[in-house]
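Heavy atoms only: backbone and side chains are in, while hydrogens, waters and symmetry mates are out. Proteins get letters first, then strands, A, B, ... in listed order; numbering begins at 1 in each.
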There are 2 protein chains.
Amino acid sequence: MEKKLKEDSTSSTAKIKQAAHKLFLQNGYGSTSIREIAESAGTNIALLNYHFGSKQNLFEVVILEKIQMLLGRLAPIFSDEHTSLDQKIVAMVDTYIDFLLEDPDLLTFVLNEIRKNNFEFIAKTRLGEMVHQSYFMKQLKAATGAANSLQLLINIVSMMVYPFMARPVLIQTGLTDQDEFHQMMLERKKMIPVWVRSMLKSDVS
Amino acid sequence: MEKKLKEDSTSSTAKIKQAAHKLFLQNGYGSTSIREIAESAGTNIALLNYHFGSKQNLFEVVILEKIQMLLGRLAPIFSDEHTSLDQKIVAMVDTYIDFLLEDPDLLTFVLNEIRKNNFEFIAKTRLGEMVHQSYFMKQLKAATGAANSLQLLINIVSMMVYPFMARPVLIQTGLTDQDEFHQMMLERKKMIPVWVRSMLKSDVS
DNA sequence: GTCTATAACCTGATAGAC
DNA sequence: GTCTATCAGGTTATAGAC
């Protein structure tokens, strides 16, 4: 109540980051000006550059923070040596879809920015190592054979993530609406593990 | 040999459209200037605006053309009343993946632009009707029940499309390389129908 | 149809007062 | 730390010569 918890500059920088996140996702990097961001945050471009150095740097700080939040939730699941493959898949689907329900547009945006090579921040996340050396991949390889394990991983991630990328299309075409979409994603938390189990069985061909 | 086949202006506009397609996908709409496009096409901005009116219009023309190309290939498969559901899935996977192998970045780009609402061109494609009233959806509903048919369709499209969106991540993280990725996508043309069959079986729960 | 020249404006970044 | 004022350069679009 009586003390600020060492948030001296935070009030200012947090507002800027929040506004930047919203505008970058809404308009894309190239179509967002730091003027807009500053105005939306109730400040000016000079202060913005004072705190973050450049537009590019602000961008990386904001997006990296979000991505690390997702990876931070997934990493413990991937590395847990005391859960079964099936338990991991259930936990992973749950975590991923909950995250995307909070921030449905983040991955569409990030994958597109990575494609344009606007920043090579994937190296900074060490995602490759996290996946490759994980106990999860060991278990998946044991269940599918080495050749198919990556294919199966791709399937699982596809079924979690792609619906969120297609969401604007699904809604704009009238194939579903906002509420129904939300309900479908909750339903998928239950169904994706079921579908994956059936794929794993058929894969022993 | 001796006659131009009524391609008077095409030589000029085709070059512009080609350059626009390449640069829009590479850099995004906001980060691509018509100067770049004009230069890359060997002309100038005045001529570009003469032919296409504005940057936004050029953008819509170029992207709509590509999307219509994909939908044009898919529509006959969806509406064919003389093929089984399984045959349709095989044909659809084949068509979709072949298209994406030619133009791997198109859907990442388009889905992101739709999200930003840079243009509401989906209405122009009548995609919703094409899917909803299709013979394909009738067959899928018969095989899964009405509630799950959309979920299944989403799964199929996810498994075809998402790998291409994740491609930059898969390659930059070292989980695969360009050649291996290509090989994996060819493999998926065979495997996705198998996976879908196993999901359809498990769905009769 | 094609191109040069230019209008009118927006961009990221910074210098300097407070 | 914060802000005004400004710089140098890039932006789309168009007017007008040929």
Side-chain angles (χ1 to χ4, degrees), chain A residues 3-64 109 112-113 116-121, chain B residues 3-64 109 113 116-119 121:
Chain A
K3 273 206 174 180
K4 285 192 290 179
L5 21 152
K6 66 176 310 195
E7 303 283 283
D8 324 300
S9 62
T10 302
S11 159
S12 189
T13 59
K15 265 190 193 169
I16 292 172
K17 288 202 282 187
Q18 199 182 343
H21 176 256
K22 190 184 156 218
L23 288 169
F24 278 141
L25 260 69
Q26 199 166 88
N27 309 323
Y29 179 80
S31 300
T32 303
S33 69
I34 56 173
R35 274 181 165 77
E36 280 180 274
I37 296 171
E39 189 184 7
S40 170
T43 178
N44 56 70
I45 48 175
L47 196 57
L48 194 149
N49 273 319
Y50 173 77
H51 280 305
F52 295 96
S54 71
K55 176 186 178 182
Q56 178 70 23
N57 191 251
L58 170 61
F59 178 74
E60 293 195 15
V61 166
V62 167
I63 299 304
L64 249 179
F109 176 75
N112 193 49
E113 291 299 332
K116 290 190 285 177
N117 217 352
N118 237 342
F119 50 135
E120 325 79 9
F121 75 130
Chain B
K3 273 205 176 182
K4 284 193 289 181
L5 21 151
K6 68 178 309 196
E7 303 284 281
D8 324 300
S9 61
T10 303
S11 157
S12 191
T13 61
K15 264 190 192 168
I16 292 172
K17 288 201 283 187
Q18 198 181 345
H21 176 257
K22 190 183 156 217
L23 288 169
F24 278 139
L25 260 69
Q26 198 165 86
N27 308 324
Y29 179 80
S31 301
T32 302
S33 69
I34 55 173
R35 272 183 164 73
E36 280 181 275
I37 296 171
E39 190 184 7
S40 170
T43 178
N44 57 70
I45 47 174
L47 195 58
L48 193 150
N49 273 319
Y50 173 77
H51 280 304
F52 294 95
S54 71
K55 177 184 176 182
Q56 178 70 23
N57 190 250
L58 171 60
F59 178 73
E60 294 195 15
V61 166
V62 167
I63 300 303
L64 250 180
F109 176 76
E113 292 298 332
K116 289 190 287 177
N117 215 353
N118 236 342
F119 50 134
F121 76 129

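- The phosphate of dT11(C) has OP1 or OP2 within less than 4.0 Å of a side-chain N or O from S33(A).
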Any chance you could lay out the side-chain contact (heavy atoms from CB on, under 4.5 Å) test for E113(B) and F59(B), step after step, and finish with the verdict? CA-CA 11 Å; E113(B) 292 298 332; F59(B) 178 73; 3.8 Å; yes
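- One finds no side-chain N or O of T43(A) lying less than 4.0 angstrom from the OP1 or OP2 phosphate oxygen of dT2(D).
- Rounded to whole Å, atom P of dT14(D) lies 12 Å from atom CG of L48(B).
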Taking only N/O atoms, report every protein-nucleotides 13-15 of chain C pair under 3.5 Å with atom names and distance.
from, atom 1, to, atom 2, distance (Å)
dA13(C), OP2, K55(A), N, 3.0

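- Closest of all the heavy-atom pairs between Y29(B) and K55(B) is O-NZ, 3.1 Å.
- Put simply, CG on L48(B) and OG on S54(B) are 9.5 Å apart, with the number rounded to the nearest 0.5 Å.
- The CG atom of N44(A) sits 5 Å away from the P atom of dC3(D) (whole-angstrom rounding).
- In this structure, E39(A) contributes its side chain and E36(A) its backbone to no donor-acceptor pair below 3.5 Å.
- Listed for the T32(A) side chain is a donor-acceptor partner under 3.5 Å among the backbone atoms of G28(A).
- For the pair F59(B) CZ and dT11(D) C1', the computed distance is 17 Å after rounding to whole Å.
- Among the candidates L58(B), I45(B), V62(B), T43(B), the single residue satisfying the side-chain contact (heavy atoms from CB on, under 4.5 Å) test with I37(B) is L58(B).
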